[in-house]
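What follows is one structure encoded as structure tokens, with my remarks underneath.
The model shown is predicted, which means the values in this text are computed figures rather than measured ones. These numbers come from the heavy atoms of this one structure, side chains and all, not from hydrogens, waters or symmetry mates. In what follows, chains carry the letters A, B, and so on, assigned in the order in which the sequence lines appear, proteins first and then strands, with residues in each chain numbered from 1.
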Number of protein chains: 4
Amino acid sequence: MAKRADFVESRRNTRRNQIFKGAVKVLADKGYHSATTQEIADAAGLAKGTVYEYVKNKEDILLLVMEEGLSMLKNDINKIFEKTDDPRERLKQLILVQLKFAKKYKDSAKVVLHEVNNLTGDGRKMFLEQENELVEITRSVIDDGIKRGYFKKINSRLAAELFEHASKFYFDYGNSPYHKSTLNEISDFILSNYLRAILVDE
Amino acid sequence: MAKRADFVESRRNTRRNQIFKGAVKVLADKGYHSATTQEIADAAGLAKGTVYEYVKNKEDILLLVMEEGLSMLKNDINKIFEKTDDPRERLKQLILVQLKFAKKYKDSAKVVLHEVNNLTGDGRKMFLEQENELVEITRSVIDDGIKRGYFKKINSRLAAELFEHASKFYFDYGNSPYHKSTLNEISDFILSNYLRAILVDE
Amino acid sequence: MAKRADFVESRRNTRRNQIFKGAVKVLADKGYHSATTQEIADAAGLAKGTVYEYVKNKEDILLLVMEEGLSMLKNDINKIFEKTDDPRERLKQLILVQLKFAKKYKDSAKVVLHEVNNLTGDGRKMFLEQENELVEITRSVIDDGIKRGYFKKINSRLAAELFEHASKFYFDYGNSPYHKSTLNEISDFILSNYLRAILVDE
Amino acid sequence: MAKRADFVESRRNTRRNQIFKGAVKVLADKGYHSATTQEIADAAGLAKGTVYEYVKNKEDILLLVMEEGLSMLKNDINKIFEKTDDPRERLKQLILVQLKFAKKYKDSAKVVLHEVNNLTGDGRKMFLEQENELVEITRSVIDDGIKRGYFKKINSRLAAELFEHASKFYFDYGNSPYHKSTLNEISDFILSNYLRAILVDE
DNA sequence: GATGAATGAGTCTTCATTCAT
DNA sequence: TATGAATGAAGACTCATTCAT
């Protein structure tokens with residue numbers, strides 16, 4: 001029984017999670033550069049010094065938030081593939097899941113969308129890779145749909161990029177007082193227009 | 001003859017333009033918070049103190065850049081309406097103009113897109129208003145198209161928001177090494193799919 | 001039988017010795033202020049908290065090292081007096097022993113020489129007293145030599161201070177890449193020149 | 001007339017000198033690591049930010065102090081060579097000058113002696129080079145003395161190192177309450193004993 | 001006794017803004 | 001008007017010390 005090591009590992013996870021939760025709130029609210037490590041520590045319910053036990057530096061906090069955010073999103077996405085293998089349904093769910101994610105994890109989504117540019121070096125590289133992976137998943141679904149004769153013969157990579165971009169629409173929601181539509185209206189519009197646009201005419 | 005006042009006013013414009021040009025480059029390159037006023041002054045070919053003669057504070061520099069950027073974009077947009085009054089053509093041009101703008105004024109576009117959140121108070125309000133105005137222009141074109149029987153009876157406000165959002169796609173291009181499509185491919189895709197999706201079937 | 005107390009006392013000594021050995025290495029390498037208590041604990045093979053069971057604070061670690069260093073040096077010095085009572089030979093050995101000490105306990109010597117100024121309060125007082133004691137030993141040897149007619153009638157206190165100072169020469173050796181002489185060359189030079197200089201002409 | 005550039009240059013020198021003077025006091029008193037940049041700025045009569053206009057970082061302040069200290073010392077040394085070319089007199093003056101320097105510029109001397117180890121990289125290299133230069137000057141004087149038959153055929157490099165070391169004796173004076181001798185006593189002792197020791201017997 | 005996670009005071013450094021020239 | 005030296009508030013990060021387990 002590696003009881004001791006387990007405990008240490010578990011506490012480590014607890015702390016990283018505290019930091020994640022605190023940081024998400026603060027970063028979504030003030031943005032990376034305007035947020036101070038003190039504020040993040042306070043929001044995490046930890047002392048400043050304690051945060052640095054679990055994180056290399058400020059950028060590492062951002063990385064933690066983005067990785068966790070992406071990981072949660074990927075989790076949701078993976079579940080889609082268990083339910084159906086029809087590319088039309090998969091593509092639809094792919095969009096829905098991301099719109100819902102933006103609503104459910106409003107703060108995480110906001111950080112993921114807005115703070116990429118504050119990532120440098122390996123962190124940035126890793127993030128872009130993950131983002132690209134997401135596009136590639138979408139692309140493979142589209143390619144499958146084309147092969148099976150459901151979708152028109154479009155540039156699947158670009159289509160995937162544009163779908164991903166559209167899925168991010170809701171990420172920004174609430175930033176402007178002029179935004180009014182509900183999540184349902186948005187997903188209905190995208191699904192019934194964008195998605196239908198690439199279906200082959202029957 | 002307000003000769004003297006004219007001269008003063010004209011120099012003021014020259015200076016503000018110098019600042020705009022310098023700031024655009026620096027802000028696009030390093031982002032608002034990482035850029036220093038010194039760097040901006042250098043890029044503008046002015047002393048730091050001189051910059052402050054023409055600008056209230058750092059945020060005011062950002063505002064200047066965004067206003068100028070938006071104003072250039074609006075200029076381009078207004079020209080569309082002089083050429084045709086067919087809402088189908090107008091909507092198409094509306095999208096094209098924005099994609100082209102993102103390419104032509106890469107740096108301005110980057111700043112406009114990424115730094116909104118660093119605007120506060122009245123500056124932010126003004127920017128969001130202008131952005132909303134843009135959406136409203138698009139919306140009125142769509143409404144006109146619906147009225148004339150060209151477009152389906154869709155939620156025109158939401159449609160306009162989504163078109164605006166899609167137009168911003170190219171703004172982010174080049175940020176990731178995975179981005180590969182050309183401007184032409186992007187506009188073709190959007191026009192032939194998104195735009196066609198809202199046309200009434202003949 | 002104070003068995004229990006003995007055991008406690010013995011462990012205490014073991015631990016203090018671990019700390020001494022670890023600290024000497026780290027302090028000689030990085031200097032007092034740049035060395036962290038964590039590094040010292042690591043080098044001692046103890047946990048940080050454990051170190052604080054045997055030591056009041058960081059300065060106390062330095063004190064431990066300096067006291068131990070001086071105590072070892074005094075040990076070596078005392079042996080001289082058992083072997084001869086000729087002040088000429090005693091003075092010679094006094095110098096030799098210190099040069100050799102600097103070579104044998106390079107790290108200890110380095111710490112003793114360089115970190116005096118980081119000692120404060122009682123620790124500093126104690127150290128300076130001990131250093132003075134060393135000078136006084138040398139002085140008494142010189143005084144004895146003068147009384148017996150071997151040495152010239154010089155200011156014995158100052159002479160002792162200068163001999164002590166010369167003995168520290170080798171302490172600094174190796175700090176600069178320009179240092180090249182061997183211990184033997186140094187001791188030969190000091191003995192055959194400085195020492196001979198105070199002998200009465202025969 | 002490069003009036004403007006001259007003025008700028010002159011102010012720069014004034015400021016660097018203020019920093020030098022403030023830093024010398026503080027560094028001599030508290031040591032490099034215990035002194036804060038705030039204390040140094042205060043002692044210099046400048047704001048903390050202003051100090052950083054004239055200095056790269058904290059270590060750069062130390063470098064400034066050591067360079068200035070060494071430069072003053074070298075100045076004094078150079079004057080010796082103008083007065084006589086007799087190596088016996090030159091060597092004597094070489095020692096005297098350094099002892100006097102330690103008295104006159106007590107604080108500078110203390111910093112130069114004690115803080116070498118806090119110099120890193122190029123700063124350290126430069127300092128050691130300069131120190132070596134000093135030894136080489138002494139050595140050349142000794143070599144000259146040997147060639148002219150005044151001094152015994154000793155290892156001149158080592159002799160020079162030891163003379164330099166002895167000259168530093170007074171640098172440390174005042175650190176311990178047990179130090180009592182005056183500068184005159186010290187120089188008399190060194191000159192009449194150490195120096196005479198290397199003279200050829202007549 | 002031993003441990004090492006938690007703490008927060010303390011430090012260096014940057015940079016927007018001001019103002020005397 | 002133009003300048004850039006001076007300022008000091010603010011912020012990231014370190015590390016000696018404590019204390020619950």
Can you measure [X] atom [atom1] to [N] atom [atom2] for me and round it to whole angstrom units?
| X | N | atom1 | atom2 | answer |
| --- | --- | --- | --- | --- |
| A:Asp60 | F:dT14 | CG | P | 12 Å |
| C:Leu46 | E:dG4 | CG | C1' | 13 Å |
| D:Phe7 | F:dG4 | CZ | P | 13 Å |

*Identify which nucleotide among F:dA2, F:dA5, E:dA2 has an atom closest to any side-chain atom of C:Arg11, counting heavy atoms from C-beta outward.*
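When the side chain of C:Arg11 is considered, E:dA2 is the closest of F:dA2, F:dA5, E:dA2.
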_Using the salt bridge (Lys or Arg N to Asp or Glu O under 4.0 Å) criterion, which residues pair with A:Glu131? Sequence neighbours excluded._
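Per chain and number, A:Glu131 pairs via salt bridge (Lys or Arg N to Asp or Glu O under 4.0 Å) with A:Lys168.
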*Name all pairs fulfilling the side-chain hydrogen bond (donor to acceptor under 3.5 Å, both in side chains) condition that reach into residues 45-61 of chain B, sequence neighbours left out, sorted by first residue then second.*
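Qualifying pairs: B:Glu59-B:Thr120.
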_With a 4.0 Å cutoff (strictly under), does any side-chain N or O of D:Tyr54 reach OP1 or OP2 of F:dA6?_
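D:Tyr54 to F:dA6 OP1/OP2: side-chain N or O found under 4.0 Å.
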*Residue-phosphate contact under 4.0 Å: A:Thr50 side-chain N/O, E:dT7 OP1/OP2*: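 Answer is yes, contact under 4.0 Å.
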Listed pairs, N/O of protein and of nucleotides 16-18 of chain F, under 3.5 Å:
residue: F:dA16; atom: OP1; partner: C:Lys58; partner atom: NZ; Å: 3.2
residue: F:dA16; atom: OP2; partner: C:Thr37; partner atom: N; Å: 2.8
residue: F:dA16; atom: OP2; partner: C:Thr37; partner atom: OG1; Å: 3.0
residue: F:dT17; atom: OP2; partner: C:Tyr52; partner atom: OH; Å: 2.8
residue: F:dT17; atom: OP2; partner: C:Lys58; partner atom: N; Å: 2.8
residue: F:dT17; atom: O4; partner: C:Lys48; partner atom: NZ; Å: 3.0

*Could you summarise the pairing of DNA chain E as dot-bracket text, marking Watson-Crick and G-U pairs under 3.5 Å with ( ) or [ ] inside the strand and | across strands?*
.||||||||||||||||||||
Which distance, rounded to the nearest 0.5 Å, do you find between the [atom1] of [X] and the [atom2] of [Y]?
| X | Y | atom1 | atom2 | answer |
| --- | --- | --- | --- | --- |
| A:Asn117 | A:Phe127 | CG | CZ | 9.5 Å |
| C:Glu115 | C:Tyr32 | CD | OH | 9.0 Å |
| D:Leu62 | D:Leu119 | CG | CG | 5.0 Å |
| B:Ser108 | B:Glu68 | OG | CD | 7.5 Å |
| D:Ser71 | D:Met66 | OG | CE | 13.0 Å |
| A:His114 | B:Asn118 | NE2 | CG | 10.0 Å |

*Any idea which heavy atoms bring A:Met126 and A:Leu63 closest together, and the distance?*
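Where A:Met126 meets A:Leu63 most closely, the heavy atoms are CE-CD2, 4.2 Å.
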*N/O donor-acceptor pair under 3.5 Å between C:Arg15 side chain and C:Val51 backbone*: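 Judged by distance alone, no pair lies under 3.5 Å.
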Cut-off 3.5 Å, no hydrogens considered: what does the side-chain donor-acceptor table look like for residues 21-30 of chain D, sequence neighbours left out?
residue: D:Lys21; atom: NZ; partner: D:Asn17; partner atom: OD1; Å: 3.4
residue: D:Lys30; atom: NZ; partner: D:Glu39; partner atom: OE2; Å: 2.8

_Heavy atoms within less than 4.0 Å of DNA chain E: which residues of residues 14-31 of chain B have one? Give them sorted by number._
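Those residues whose heavy atoms fall under 4.0 Å from DNA chain E, taken from residues 14-31 of chain B, amount to none.
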